[in-house]
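Each chain gets a letter, A, B and so on, in the order the sequences are listed, and its residues count up from 1.
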4 protein chains.
Amino acid sequence: MNPLVARKKLGRPCAVDPGETRKRLILEARRLFAEIGYDATTNRLVADAVGITTGAIYHYFPSKKEMYIAAYAEVQEMVYGALENAVAGQEVFVDKFSSMLDALAAISTQEPSFVGFVVGVSAESQRHPELTQDLRSLRSRTVKFLHEICEEAVRNGEVNEGITGQLLHDMIDVVISGLSRFSHVVDDADRRRNVVDGLKLLMAGTLLRSPVAR
Amino acid sequence: MNPLVARKKLGRPCAVDPGETRKRLILEARRLFAEIGYDATTNRLVADAVGITTGAIYHYFPSKKEMYIAAYAEVQEMVYGALENAVAGQEVFVDKFSSMLDALAAISTQEPSFVGFVVGVSAESQRHPELTQDLRSLRSRTVKFLHEICEEAVRNGEVNEGITGQLLHDMIDVVISGLSRFSHVVDDADRRRNVVDGLKLLMAGTLLRSPVAR
Amino acid sequence: MNPLVARKKLGRPCAVDPGETRKRLILEARRLFAEIGYDATTNRLVADAVGITTGAIYHYFPSKKEMYIAAYAEVQEMVYGALENAVAGQEVFVDKFSSMLDALAAISTQEPSFVGFVVGVSAESQRHPELTQDLRSLRSRTVKFLHEICEEAVRNGEVNEGITGQLLHDMIDVVISGLSRFSHVVDDADRRRNVVDGLKLLMAGTLLRSPVAR
Amino acid sequence: MNPLVARKKLGRPCAVDPGETRKRLILEARRLFAEIGYDATTNRLVADAVGITTGAIYHYFPSKKEMYIAAYAEVQEMVYGALENAVAGQEVFVDKFSSMLDALAAISTQEPSFVGFVVGVSAESQRHPELTQDLRSLRSRTVKFLHEICEEAVRNGEVNEGITGQLLHDMIDVVISGLSRFSHVVDDADRRRNVVDGLKLLMAGTLLRSPVAR
DNA sequence: GATGAATGAGCTTTCATTCAT
DNA sequence: AATGAATGAAAGCTCATTCAT
């Protein structure tokens with residue numbers, strides 16, 4: 001047989017780098033899930049982005065669901081890691097909140113959709129009951145983080161009377177998820193920065209007792 | 001053939017009311033699109049809810065896309081109609097904002113997902129580029145409503161220096177979309193009411209000049 | 001547009017006959033499941049045999065499993081119907097058995113694999129646990145038929161001492177399933193007929209007390 | 001490099017024993033093919049049972065088909081070896097038959113599915129035409145064994161008039177395959193033993209001339 | 001001798017859409 | 001105005017097989 005004739009291109013093609021594919025896979029999955037959601041992220045889309053076939057995905061994850069869970073876990077880790085870092089040096093609640101917004105803004109600039117991924121997970125969980133269980137256990141771990149901050153603010157008398165930890169938590173939730181959707185949709189970096197600053201001002205207002213006046 | 005003899009049950013099965021089916025169709029489509037999103041809302045789901053077959057949908061809409069557009073238009077109309085009503089009697093921005101939040105809360109109680117539908121449309125638009133064009137033209141009409149309110153607040157000197165109409169608009173966007181996601185995900189009516197009240201307090205604070213002090 | 005140009009061939013193609021496709025579908029499914037088993041019978045194979053696409057199958061059955069159940073139910077009905085007919089006019093066990101063999105032989109000639117389908121179902125059930133439940137309830141109905149015949153033979157003293165109804169049933173099971181496999185594999189009609197006659201002789205022997213001697 | 005330092009665990013991981021893997025592979029393949037059939041027996045299932053990867057299978061067999069052929073050949077050898085042993089000391093056909101049934105029962109107790117494997121091969125062959133050729137040549141060798149026994153019985157006048165060797169062979173086929181299916185499906189050891197005894201009685205009856213009366 | 005990464009074909013299933021009736 | 005049969009494309013997933021290492 002003529003050795004110059006191209007052979008069948010089956011089997012593993014001169015591996016680019018062991019472990020490299022896995023990284024690329026998680027990376028692209030993360031990106032796609034974050035950007036267009038669970039349904040719209042088809043295996044083919046992910047595979048094409050990585051440069052493999054859809055079957056190869058199952059070498060790394062037993063199902064699309066698991067791939068999603070893995071991607072979410074990583075992103076959640078990133079986001080909440082950044083948030084924990086952000087509040088680490090801060091004493092009072094307003095400063096913690098400010099730092100968190102800055103941290104979120106920073107992430108949103110690098111990977112515009114990651115914050116939205118974390119925030120949007122509860123909607124995805126409603127649409128896909130199969131995900132609920134796994135997502136809940138993942139989330140419970142980090143929900144406590146915000147909970148703690150809010151309870152502390154209440155204990156320290158940093159909020160007006162009648163404001164409970166629960167309410168403070170819910171309001172932060174509203175602001176953060178609103179911000180993440182905004183960042184996901186709006187490209188203009190200036191507007192994003194301005195909004196972050198605006199929200200800091202907002203939070204520094206009536207809702208909280210002035211720290212100096214305490 | 002004797003017209004008194006019952007005919008075969010072919011063709012249109014004695015439609016309950018002409019135009020009735022159309023209404024039911026839009027109603028159920030609205031509900032489903034709002035609740036579970038574009039992808040998860042299959043034609044069959046809508047048809048079953050109405051009590052017709054999937055084929056019959058195409059008597060009313062040339063495609064699923066158009067049905068979505070129509071549903072969105074109606075919901076948008078409802079929501080923004082309510083908002084316009086809400087601000088009608090109010091002079092100052094803070095009061096307008098308060099009234100709007102109340103209006104949104106009222107809608108969220110009746111049809112929990114409609115506000116989220118309007119807000120979430122931009123995400124759906126990213127997932128489904130085919131929708132983008134039609135949605136944009138729909139939205140442009142109502143975007144002006146908030147724009148006008150914000151510009152007026154700036155003109156009237158109701159906001160602190162450095163706050164532009166654009167920024168005010170963006171921040172309202174953030175708060176409203178955050179609230180709508182919250183309402184979609186949280187069932188507890190008390191928590192929802194509390195959050196609305198909290199947001200009113202928030203907005204009445206530092207960000208804006210105190211009306212009395214003006 | 002030139003009306004001579006062929007249009008897209010979507011939608012329902014001038015229906016051959018309403019209800020006709022359903023019949024063909026069940027027919028071919030029956031044949032294929034009986035001949036090559038559950039796994040080897042792909043939706044494509046069935047669809048091609050009928051002349052439709054694989055998707056159309058789901059118009060008639062919600063899943064491949066249900067299609068199998070339906071096919072099995074029909075075949076079981078046929079086979080056991082024939083068996084019940086066969087034993088109807090017979091008084092003594094040996095004659096019942098003879099008639100049953102003749103009935104099975106007749107079916108095997110018309111549809112060579114139907115008897116094997118009924119017999120092979122327990123193996124298929126082991127391979128596919130999802131089928132077990134539905135199959136069991138179907139089978140329980142007809143298992144009683146053989147059970148009754150065997151118990152009656154014991155009650156009437158037609159079998160040697162020590163032979164229980166259970167054992168008689170099991171042996172008939174062995175012979176019938178053996179015969180069905182044989183008929184499935186051997187094409188030669190003469191050999192099949194001879195084997196049936198041979199089995200009659202076999203059963204007329206020592207195992208049972210001689211009817212005359214009773 | 002210091003040979004005492006543990007090496008990387010690449011390449012062949014200190015194979016327990018050369019040739020050992022091959023044995024284990026055939027063993028597990030045999031078991032799985034016999035138990036759940038050709039289709040349901042995936043390479044992965046076999047590989048996992050052995051403790052290797054699917055790729056490694058191809059060091060021992062060029063394809064799944066060949067693995068099946070090999071497994072079948074071994075089992076056939078075992079079963080027919082046992083049968084040959086069983087008939088070795090017997091003079092008359094009825095005794096040979098009895099001994100064979102006992103041998104089959106013994107195998108069925110140890111490896112419940114092996115007899116069924118041998119018997120079921122013709123069905124598998126119909127499902128998978130690719131197997132037909134190879135299986136036929138394998139089977140032809142051992143088919144002669146039963147053929148010889150039956151012809152001898154006819155020559156020795158052990159059967160009633162009109163019973164040919166072919167027919168006797170076919171009937172044994174029916175009984176043996178029926179028994180094997182029964183053993184595969186029924187777990188109860190008592191029932192299995194009883195059926196074997198029942199079949200011996202059956203065969204000792206009318207069909208054959210009574211040896212004493214000869 | 002064995003792994004592990006990858007392929008390509010095929011499977012069951014879903015779905016928007018079409019169209020004769 | 002509506003049904004019901006059918007399509008074709010695509011989805012998630014499995015599997016035998018290949019091959020660089």
Does a side-chain N or O from [X] land closer than 4.0 Å to OP1 or OP2 of [N], or not?
| X | N | value |
| --- | --- | --- |
| D/Tyr60 | E/dG1 | no |
| D/Thr21 | E/dG1 | no |
| A/His59 | E/dA5 | yes |

For B/Arg22, all residues meeting side-chain contact (heavy atoms from CB on, under 4.5 Å), sequence neighbours excluded: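 In terms of side-chain contact (heavy atoms from CB on, under 4.5 Å), with neighbours along the sequence ignored, B/Arg22 is linked to B/Ile26, B/Tyr60.
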To the nearest Å, give me how far apart [atom1] ([X]) and [atom2] ([N]) are.
| X | N | atom1 | atom2 | answer |
| --- | --- | --- | --- | --- |
| A/Glu20 | E/dA6 | CD | P | 10 Å |
| C/His128 | E/dT12 | NE2 | P | 11 Å |
| C/Asp48 | E/dG10 | CG | C1' | 13 Å |
| D/Arg24 | E/dG1 | CZ | P | 16 Å |

- request: Give me the bend of the helix from E/dA2-F/dT21 to E/dT21-F/dA2, using the axes of the five pairs at each end, rounded to 10°.
  value: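 End-to-end axis angle: 20°.
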Passing candidate, ring-ring contact (aromatic ring centres under 6.0 Å, His included) with B/Tyr38, options B/Tyr72, B/Tyr68, B/Phe117: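 Of B/Tyr72, B/Tyr68, B/Phe117, ring-ring contact (aromatic ring centres under 6.0 Å, His included) with B/Tyr38 is met by B/Tyr68 alone.
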query: Base, sugar-phosphate alone, or nothing: which one does C/Phe61 contact when heavy atoms must sit under 4.0 Å apart?
result: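 The residue C/Phe61 makes no contact with any strand.
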- request: Any chance you could list the contact pattern along nucleotides 9-16 of chain F? Use B for base contacts, S for sugar-phosphate-only contacts and - for none, protein heavy atoms under 4.0 Å, 5' to 3'.
  value: --SSBBSS
field: Sidechain-backbone polar pair: B/Thr41 side chain, B/Leu32 backbone, donor-acceptor under 3.5 Å
entry: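 Looks like yes, one N/O pair under 3.5 Å.
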